[in-house]
Asks: 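The structure under discussion is supplied below as structure tokens; questions concerning it will follow.
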Amino acid sequence: MTIKVYDTIMPAEPVEVYYDHGMTVEAWVSSQTENYTSGPVQRVSCAINGAIVNPLDWANVAIGENDLVEFRVVPFGDVVDAFTSIGAFLVNPFYAGSALAGQAAVDALINIPSASSRSGGRQGSDIAPADAKANTARLGQGVPELFGRYIRYPDYVNQPRKYYKDARTQVQNIMLCITSGRCLIETALLKLGETPFSQLGNSISYQVFEPGEDVSVHPAHENWYTAPEVGATTGSSGIRLYRGRSLSSGLTGAQVSYSGPEIRTTSTSVFFPGDWATGDFVAISTRQSVTVSVDGGGLVTLNGDWGDADVGDEIRLRSTELAEANGVFLIDTKTGNDITLTQDGSPIAGWAAGSYLMFSRREDEDFRIDSIIYDTSFPDLVDGFGLSRFVGGAEDTGWSSFPGGTGVADVLLASRSEADGWAGPFTACPDGETTSTVEIDIFLPQGQGKVDGDTVVPFSTKRQVEIQWRELGATAWNSQIYTIDNATRDQLGFTFQLDLGPAIRPEFRVRRVTTESSEIASLDRIEWQALRSNLPTVTSYPGVTTMAVTIEGTDQIGSASNNRINLVATRLLPGISGGALTPEAPTRSIAAAAVHVAKSLGYSDDQIDLDAFEQLDAIWQGRGDYFDFVIGDGTAKDAIDQILRPGYASMTLSTGVITPVRDAPRTHFEQPYSPENMTAPLQRSFTSRKPEEPDGVEVEYTNADTWTTETIKCFLPGDQGIKLDKLKLDGVTDRTKAWRIGMRRRRSQRYRRWTYSFNTELDALNSDYLGYVPLVDDIPGYGQASVLRSLDTSGPVPKLTVSQPMDWQDGESHVVAYRDVYGDIVGPFSTARGDNDFEIIANVSPLPELSPSQEPPHVIFGTTDRWSFPALITEISPQGELEVSVTATNYDERVYADDDNSPP
């Protein structure tokens, strides 16, 4: 004899349960609604013990004592849309379980409008969204910096403010950071998602602000904080509002007695509120005499009975004798009965010393009403309660009674009971902030009014919303009621702005004043959509280009996830001419970007090799090598190396000066290294090809035409592309450039397989990163190194005599080179054998210098093809005070073979 009513044909929990039997199905349905009419088609189906009962048999089938009866809605046309309205009533917690609720539920099920009438379906227009998005900067992230010409998805500089200008128009204000420094924006490429601003007409407007310019002229500069607790919920755009019961607040300063777990009034004329019920929670603040003492630094100490409240707990104080002792405080220290307090993170100080009466309680403590004690003389009046203690929302099972005795106390309804029927309370601004202006957004997703045929008429009782607020920690609420009276199927939105007076940290709660109608023909749903507070804000952003945007809702803007504001801009930076910086101008220059990063670190012009940057800039501009990207994270060196990479270059510090070094074909050797200036033999290692090595490079870059990520593959003859080395190339927006850099990498993988390492004294400190040097070892068949002993210029060709016999190989041509007094290589020159293996005849120019005050020149000799190992220095590391460790890789011209080619 269990009867269950469901609001869906899908598996779910019943919305109503009854325990009736001994009547027919038709008789039971008729007892629940006046709208039932017998017939072959009904708006609900009836199943008894799993078997569907034909509606024509409802008058004849009786409900037995052990039967399970289920009523479910039948999906007729718009029934699902119509059920959106009745479903909310069915689950209304203020009516669920009552006889009235059951009757209304069945009545609603039976009286679902037909598919042809469509009176329950909402046919009005949605509010056109003002829905634009931007990037949210991470905490600690640097301000993104645009270089070259690139697409930019700006960052919020404050929370966007979305509000209703009128009941049908939503507006959004957004303040955005474009880049550090200045830039030139291409207005034709300002877009919302894929839609240009120009196509949105008057629905969108914007204003760009130069670094340091006053932004207060635009409303988007205002800093509105949106409380995260208020907003969309599952299946709705906001928190659905209900009409709650209004309970009495309680007693203030009442004489009470305590006995065991009970509290009673002691006055024959004072009673507790009669609308409190078991299950409600009350907060009890006891009055006591508190001694306030102040030390020499003004720090306040309170002496009193604080119960089990300890360090880290909050206590609520109320005093009519000491104005400062009103509010919620945090216990900072506790020694015996002495405590010190903080509020909003600051120690309490400056109170007047003395003895004061104060009401105090632990803030997270309240008591549940378990039983109600009525007055013996007046049984309708409440004399007291039996209570259970709760701390932090959980029952304190170790508590059994009050200490006993009598006293004066505030016995007030606790916030969790006060909130019955309210949405909230929610704090309007973050901890440590205060506000004087708050906005509440109310949304009517169905429109408003009562459907009457093809029209919508106003409700006979005007709908009202009550908004209450108070300073966090206060007890009394301020209240404002707004009337919302419309007759339309169209969605409606309202923004109510409240001026709170002096800035406070407020909490808000909202509810309906009038109960939501359960009739299918009623459009009566009201939601609390947003809670915003106006906080202090800045009026300019030095060093940053910003943009303010205002968007009005339009059907051209959808609530799509890709509605991000984006633009294309070119950075303005100083150029380099004649070794000096020039005025700012739009540029994609690699050199300008790298120098700017160095200057932003505080480096002066003489700490940056502007001449080297200018020389390379001429090469890069001639080749069309640019850097186009937005950098937001990483170190300055990482940024400079990233900027230089499209130019095949990297950053070095040469005697403390920032210098760019470009990896390019070389023709002139720098300082040589041989056994004559090495402190240990040259170590050579060859990396042979391994099966797991990549046999191709896949480069990922951004296409400047579509601003989408694309890839291009780079192969050498013999590559099968089975395993690809992935290269993410930020800063390059051209397919050919990306391919060239990928091919440079692939060629380096194939042709740079020798690694050299050696130590010198301090000689290697004269070399730089990527220095092109000849290396000499004492391996037979390769170059030889010796010291020049004498120089004979009496003959037609100079003759050099060296310290070791040279290995003259029959049938081979030979060369000679020497290290001059500055450490640079001179040569090589073709040579011939003298009178013995120690003599070398070569037309050397300039001639080496022999001086007893200087180290003699080092002479390097060998066959034309094998006189040295050409290498590029990759690392120079001092090892103590007198030794330097050097690492190098082999130089191979084939690495650069595709630098000017185009992809196949």
Side-chain angles (χ1 to χ4, degrees), residues 616 637 641-642 644-654 659-675 677-690 692-697 699 714 716 719 725 727 729 740-760 763-779 782-783 785 817 819 823-825 828 860 862 865-879 883-899:
L616 289 180
K637 183 181 185 306
D641 282 337
Q642 186 178 15
L644 295 176
R645 182 166 64 169
Y648 307 119
S650 54
M651 187 201 88
T652 64
L653 282 175
S654 179
T659 305
V661 178
R662 185 170 184 264
D663 185 4
R666 306 295 183 91
T667 58
H668 182 71
F669 281 121
E670 300 169 17
Q671 177 170 329
Y673 293 96
S674 70
N677 61 345
M678 294 179 183
T679 58
L682 175 69
Q683 301 293 319
R684 299 191 305 150
S685 62
F686 180 79
T687 304
S688 59
R689 180 171 174 80
K690 299 178 182 179
E692 64 271 17
E693 277 189 22
D695 61 346
V697 174
V699 180
C714 307
L716 289 173
D719 286 343
D725 178 22
L727 173 60
L729 201 55
R740 289 176 180 176
I741 294 174
M743 288 304 300
R744 170 73 81 90
R745 180 163 178 149
R746 180 68 191 118
R747 287 180 171 275
S748 296
Q749 291 169 347
R750 177 173 287 191
Y751 300 122
R752 285 182 176 169
R753 308 192 72 88
W754 282 96
T755 300
Y756 308 104
S757 60
F758 58 93
N759 287 5
T760 73
D763 301 49
L765 295 180
N766 293 322
S767 292
D768 292 314
Y769 176 69
L770 291 187
Y772 180 44
V773 298
L775 303 179
V776 179
D777 199 359
D778 54 4
I779 302 175
Y782 289 86
R819 190 185 75 160
D824 294 327
I825 188 76
I860 300 173
D865 296 330
R866 306 179 72 178
W867 70 277
S868 69
F869 301 112
L872 296 173
I873 291 177
T874 56
E875 185 178 357
I876 300 174
S877 301
Q879 305 291 315
E883 192 168 28
V884 179
S885 172
V886 181
T887 303
T889 187
N890 66 293
Y891 173 83
D892 194 315
E893 289 185 352
R894 292 173 293 181
V895 170
Y896 313 100
D898 284 312
D899 283 3

Asks: I876 versus Y769: any side-chain heavy-atom pair under 4.5 Å?
Replies: no
Asks: Going by heavy atoms in the side chains, are L770 and R662 under 4.5 Å from each other?
Replies: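 No - every pair of side-chain heavy atoms lies 4.5 Å or more apart.
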Asks: Counting the benzene-type ring for Trp, do Y782 and F869 have ring centres under 6.0 Å apart?
Replies: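 That pair passes the under 6.0 Å test.
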Asks: Kindly write out the residues that satisfy side-chain hydrogen bond (donor to acceptor under 3.5 Å, both in side chains) with Y896, not counting sequence neighbours, or none if the list is empty.
Replies: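 Partners of Y896 under the side-chain hydrogen bond (donor to acceptor under 3.5 Å, both in side chains) test: D663, R752.
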Asks: If you round to the nearest 0.5 Å, how far is OG1 of T874 from OH of Y756?
Replies: 11.5 Å
Asks: Roughly how far, to the nearest 0.5 Å, is CZ of R747 from CG of D899?
Replies: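 Answer rounded to 0.5 Å: 9.0 Å.
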Asks: Run through D768, V773, L775, T889 and flag the one making a side chain to side chain contact (heavy atoms under 4.5 Å, CB included) with I873.
Replies: V773
Asks: What pairs with T887 under side-chain hydrogen bond (donor to acceptor under 3.5 Å, both in side chains), at least two apart in sequence or on another chain?
Replies: none
Asks: Quick one: side chain to side chain contact (heavy atoms under 4.5 Å, CB included) partners of A785, sequence neighbours excluded?
Replies: S674, P675, E676, V776
Asks: Considering all heavy atoms of both residues, which atom of S868 and which atom of P870 are nearest to each other, and what is their separation?
Replies: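 Minimum heavy-atom separation between S868 and P870: O-CD, 3.4 Å.
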Asks: Suppose we screen for side-chain hydrogen bond (donor to acceptor under 3.5 Å, both in side chains). Which residues come up paired with D695, at least two apart in sequence or across chains?
Replies: none
Asks: For residues S748 and V895, report the shortest heavy-atom separation together with the two atoms involved.
Replies: OG-CG1, 3.5 Å
Asks: If only atom types and distance count, is the side chain of S767 paired as donor or acceptor with the main-chain N or O of G771 below 3.5 Å?
Replies: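 Flag not set: sc S767 to bb G771 has no pair under 3.5 Å.
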Asks: Does CD in E893 sit with more than 12 non-hydrogen atoms of other residues, nucleotides or ligands closer than 6.0 Å?
Replies: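 Incorrect, the count does not exceed 12.
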Asks: Does a salt bridge link D898 with R744, judged by any charged N lying under 4.0 Å from a carboxylate O?
Replies: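 Not counted as a salt bridge, because no side-chain N and carboxylate O are separated by less than 4.0 Å.
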Asks: Residues in side chain to side chain contact (heavy atoms under 4.5 Å, CB included) with S757, at least two apart?
Replies: Q683
Asks: Test of understanding: with salt bridge (charged side-chain N to carboxylate O under 4.0 Å, His left out), list the residues that count as partners of D892, not counting sequence neighbours.
Replies: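 So D892 forms a salt bridge (charged side-chain N to carboxylate O under 4.0 Å, His left out) with R894.
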Asks: Who are the side chain to side chain contact (heavy atoms under 4.5 Å, CB included) partners of R750, not counting sequence neighbours?
Replies: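 If we apply the side chain to side chain contact (heavy atoms under 4.5 Å, CB included) test to R750, skipping adjacent residues, the hits are L716, D719, R746.
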Asks: Can you list everything that forms a salt bridge (charged side-chain N to carboxylate O under 4.0 Å, His left out) with D763? Sequence neighbours excluded, please.
Replies: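 So D763 forms a salt bridge (charged side-chain N to carboxylate O under 4.0 Å, His left out) with R819.
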Asks: Partners of D824 by salt bridge (charged side-chain N to carboxylate O under 4.0 Å, His left out), sequence neighbours excluded?
Replies: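 In terms of salt bridge (charged side-chain N to carboxylate O under 4.0 Å, His left out), with neighbours along the sequence ignored, D824 is linked to no residue.
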Asks: So, using salt bridge (charged side-chain N to carboxylate O under 4.0 Å, His left out) as the criterion, who are the partners of R866 when residues are at least two apart?
Replies: none
Asks: List the atom of S650, the atom of L644, and the distance in Å for their closest heavy-atom pair.
Replies: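 So the minimum-distance heavy-atom pair works out to C-CD1, 3.4 Å.
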Asks: Check the pair L727, I741 against side-chain contact (heavy atoms from CB on, under 4.5 Å), reporting the backbone distance first and the verdict last.
Replies: CA-CA 9 Å; L727 173 60; I741 294 174; 4.3 Å; yes
Asks: Applying ring pair (Phe, Tyr, Trp, His ring centres under 6.0 Å), can you list everything that pairs with F669, at least two apart in sequence or on another chain?
Replies: Y772, W867
Asks: Indicate yes or no: at least one non-hydrogen side-chain atom of I860 is less than 4.5 angstrom from one of I825.
Replies: yes
Asks: Does any part of the side chain of M651, heavy atoms only, come nearer than 4.5 Å to the side chain of K637, both counted from C-beta?
Replies: yes
Asks: From L729 CG over to R745 CZ, what is the distance, rounded to the nearest 0.5 angstrom?
Replies: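 The CZ atom of R745 is 9.5 Å from CG of L729, to the nearest 0.5 Å.
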Asks: Carefully, step by step, assess V697 and M743 under the rule side-chain contact (heavy atoms from CB on, under 4.5 Å).
Replies: CA-CA 8 Å; V697 174; M743 288 304 300; over 6 Å; no
Asks: According to side chain to side chain contact (heavy atoms under 4.5 Å, CB included), who are the partners of N759, at least two apart in sequence or on a separate chain?
Replies: T679, E883, S885
Asks: Which value, rounded to the nearest 0.5 Å, describes the distance between Q749 atom CD and C714 atom SG?
Replies: 10.0 Å
Asks: How long is the span from the CZ atom in F686 to the OG1 atom in T755, to the nearest 0.5 Å?
Replies: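 It is 10.0 Å, given to the nearest 0.5 Å.
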Asks: I'd like to know if the side chain of R684 reaches the main chain of W754, judged simply by a donor and an acceptor atom lying under 3.5 Å from each other, with no hydrogens or angles considered.
Replies: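 Checking the backbone N and O of W754 against the side chain of R684, no donor-acceptor pair under 3.5 Å is found.
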